[in-house]
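Report on the following structure.
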There are 2 protein chains.
Amino acid sequence: MSAYAALAEPHRRDILDLLRGGERSVGELVARLDISQPGVSKHLRVLRDAGLVTVRPEGRVRRYALSPAPLAEVDAWLEPYRAAWSARLDVLQRHLEEHPE
Amino acid sequence: MSAYAALAEPHRRDILDLLRGGERSVGELVARLDISQPGVSKHLRVLRDAGLVTVRPEGRVRRYALSPAPLAEVDAWLEPYRAAWSARLDVLQRHLEEHPE
DNA sequence: GTCAAATATAACTCACCGGCTATATGGCGC
DNA sequence: GCGCCATATAGCCGGTGAGTTATATTTGAC
């Protein structure tokens, strides 16, 4: 699954947001996510296949960590659009300068 | 459908990319997209519902234009991750400086 | 070795998505 | 009005996604 598709699911974005705070075990994620443990494991599998997270087994616990590299592609795709919407903001700003309310 | 989900479909990203070059009629999009006209219309409907494009009827032609505002949300979500992956690059860079091959 | 804890996988269901063809809708030319 | 052109919608189908419960797997504790 592409990084784009992986991000389409809100729970998966939640998981990534949680992992931004550092490594988390599956149990810790389950505790914060209002879906079943197998559901979390399934999402983690998708994220792992997309290269967005990595696992580090530690005893019987598996700690997941963020691996944000694939997001760079999304960011790169977004790049030209950033110009587009800031251009729009510029237009608005110029308009306001020339026609103050 | 959320902006994230809208972006999950490659054809829809293609459509947005095409619209970056300016307004396009449905026919022009169909000509470049290797899917049927109804398929394109369906994707345009999704993009419209997500607020990513706007329509301007002009005679019997409907011209679609980019409306990138919802992408700002995606960009904002991505923001903290940008830090995360540039941090990783920094780590790599420092490593290379301290241990040149 | 046995049991319990942590996690993954299997198997199932339901809903939705993306493609198609066929058809409806609305504007234009005559 | 009639027919054509551009586009949208309806309706169908096959695939897949996200959730569940039940079960398998691995590891640690004893």
Side-chain angles (χ1 to χ4, degrees), chain A residues 1-19 21-67 70-71 74 77, chain B residues 1-19 21-67 70-71 74 77:
Chain A
M1 185 179 300
S2 76
Y4 298 95
L7 297 186
E9 221 289 319
H11 287 134
R12 286 198 289 266
R13 293 197 301 276
D14 291 344
I15 290 175
L16 295 176
D17 286 340
L18 287 167
L19 293 183
E23 276 191 343
R24 300 275 182 248
S25 72
V26 177
E28 290 169 336
L29 296 173
V30 170
R32 284 168 180 73
L33 279 181
D34 255 42
I35 54 180
S36 67
Q37 174 267 312
V40 172
S41 280
K42 233 170 159 183
H43 283 310
L44 286 170
R45 163 57 87 112
V46 172
L47 291 170
R48 212 157 75 85
D49 290 348
L52 285 163
V53 303
T54 56
V55 211
R56 183 173 64 88
E58 187 182 311
R60 51 185 159 178
V61 169
R62 288 166 70 90
R63 307 207 176 274
Y64 282 81
L66 197 62
S67 172
L71 294 180
V74 177
W77 181 85
Chain B
M1 187 178 300
S2 76
Y4 298 96
L7 297 185
E9 221 288 318
H11 286 134
R12 286 197 288 264
R13 293 197 301 277
D14 291 344
I15 289 175
L16 294 177
D17 286 341
L18 288 168
L19 293 183
E23 275 190 344
R24 301 274 183 250
S25 72
V26 176
E28 290 168 336
L29 296 173
V30 170
R32 285 168 179 72
L33 281 179
D34 255 42
I35 54 180
S36 67
Q37 174 266 312
V40 173
S41 279
K42 232 170 162 182
H43 283 310
L44 287 170
R45 163 56 88 113
V46 172
L47 291 170
R48 214 157 73 86
D49 289 349
L52 284 163
V53 303
T54 55
V55 212
R56 183 172 64 88
E58 187 182 312
R60 52 187 157 176
V61 171
R62 287 165 71 89
R63 307 208 176 272
Y64 282 82
L66 196 63
S67 173
L71 294 180
V74 178
W77 181 84

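Residue numbers start from 1 in every chain, and the chains themselves are labelled A, B, ... in the order their sequence lines are given, proteins ahead of strands.
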Study note, to complete from the structure: Sequence neighbours excluded, the answer for salt bridge (Lys or Arg N to Asp or Glu O under 4.0 Å) partners of B/Asp49 is B/Arg45
Review point. Under 3.5 Å, is there a donor-acceptor pair between the side chain of A/Arg48 and the main chain of A/Val53?
Key: no
Check your understanding: Can you name the side-chain contact (heavy atoms from CB on, under 4.5 Å) partners of B/Ser36, sequence neighbours left out?
Key -> B/Pro38
Point to revise | Residue list, salt bridge (Lys or Arg N to Asp or Glu O under 4.0 Å) with B/Arg32, at least two apart or on another chain | key: none
Exercise for review: Output all residues satisfying side-chain hydrogen bond (donor to acceptor under 3.5 Å, both in side chains) with B/Gln37, sequence neighbours left out; order by chain, then residue number.
Suggested key: B/Ser41
Check your understanding: Between CG of A/Leu33 and CD of A/Glu28, what distance do you get to the nearest 0.5 Å?
Key -> 11.5 Å
Check your understanding: How many angstroms lie between atom CG of A/Leu71 and atom CG of A/Leu66, to the nearest 0.5 angstrom?
Key -> 7.0 Å
Review point. Of A/Tyr64 and A/Lys42, whose closest DNA chain C nucleotide lies nearer the 5' terminus?
Key: A/Tyr64
Study note, to complete from the structure: Hits for salt bridge (Lys or Arg N to Asp or Glu O under 4.0 Å) against B/Arg63, two or more places apart or cross-chain, chain-then-number order -> B/Glu58
Study note, to complete from the structure: Residues at least two apart in sequence or cross-chain that pass side-chain hydrogen bond (donor to acceptor under 3.5 Å, both in side chains) with A/Asp17, listed by chain then number, are A/Arg20, B/Trp77, B/Tyr81
**Study point:** Strand-adjacent residues in residues 31-41 of chain A, judged by heavy atoms under 4.0 Å from DNA chain C
**Key:** A/Gln37, A/Pro38, A/Ser41
**Study point:** Listed partners of A/Glu23 passing side-chain hydrogen bond (donor to acceptor under 3.5 Å, both in side chains), at least two apart
**Key:** A/Arg56
Check your understanding: If you measure from CG on B/Leu47 to CZ on B/Arg13, what distance do you get to the nearest 0.5 Å?
Key -> 11.5 Å
Check your understanding: For residues 45-58 of chain A, which residues have at least one heavy atom under 4.0 Å from DNA chain C?
Key -> A/Arg45
Point to revise | DNA chain C: 5'-most and 3'-most nucleotides touching chain B, 4.0 angstrom heavy-atom criterion | key: C/dC17 to C/dC28
**Study point:** For DNA chain D, the residues among residues 2-18 of chain A that have a non-hydrogen atom under 4.0 Å from it
**Key:** A/Glu9, A/His11, A/Arg12
Practice item. State which residues pass side-chain hydrogen bond (donor to acceptor under 3.5 Å, both in side chains) with B/Arg12; sequence neighbours excluded, sorted by chain then number. Key: B/His43
